[in-house]
*Asks:* 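Have a look at this one before I ask anything.
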Amino acid sequence: MPSSSPELALMSVNNSRAASAGLTLRPLPDSVTDALGWQALRRGWSQRWLDHAREQDLIHRWRG
């Protein structure tokens with residue numbers, strides 16, 4: 001990875017203060033399983049978003 005990569009910076013974060021404060025880490029297989037499950041669930045979500053006018057109309061109707 002290039003030295004300017006945000007991903008490289010993220011992977012270089014020192015967590016020693018958090019660990020000293022009691023942070024516990026999850027086993028990597030658990031994290032991977034949960035991330036893949038979330039990604040699979042997300043594929044079923046609509047990629048459409050409401051435009052502002054439609055959102056305001058729905059809020060107005062919902063509030064009465």
Side-chain angles (χ1 to χ4, degrees):
M1 276 189 218
S3 61
S4 63
S5 167
E7 290 83 5
L8 183 60
L10 180 62
M11 289 187 278
S12 301
V13 172
N14 183 334
N15 69 355
S16 60
R17 285 180 54 201
S20 295
L23 173 73
T24 58
L25 302 176
R26 298 175 61 190
L28 183 59
D30 293 351
S31 295
V32 171
T33 298
D34 286 348
L36 291 174
W38 176 83
Q39 185 180 34
L41 174 67
R42 188 174 178 274
R43 275 191 220 112
W45 295 350
S46 173
Q47 296 303 310
R48 294 177 152 185
W49 295 96
L50 296 174
D51 62 60
H52 184 70
R54 178 71 173 138
E55 178 184 16
Q56 292 304 308
D57 177 53
L58 290 172
I59 291 171
H60 177 73
R61 289 176 188 222
W62 177 63
R63 289 183 178 163

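Note that the coordinates shown come from a computational prediction; the quantities given were computed from them, not determined experimentally.
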*Asks:* Can you name the side-chain contact (heavy atoms from CB on, under 4.5 Å) partners of Trp62, sequence neighbours left out?
*Replies:*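 By the side-chain contact (heavy atoms from CB on, under 4.5 Å) rule, Trp62 matches no residue at all.
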*Asks:* Is there a path of hydrophobic side-chain contacts, each under 4.5 Å between heavy atoms, that joins Leu23 and Val13?
*Replies:*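 They do not share one cluster, since no chain of ILVMFWY contacts under 4.5 Å joins Leu23 to Val13.
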*Asks:* State whether the number of non-hydrogen atoms from other residues, nucleotides or ligands found under 6.0 Å of Arg17 atom CZ is greater than 12.
*Replies:*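 Check fails, neighbour count at 12 or below.
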*Asks:* Distance from Leu28 atom CG to Thr33 atom OG1, nearest 0.5 Å?
*Replies:*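 Between atom CG of Leu28 and atom OG1 of Thr33 there are 9.0 Å.
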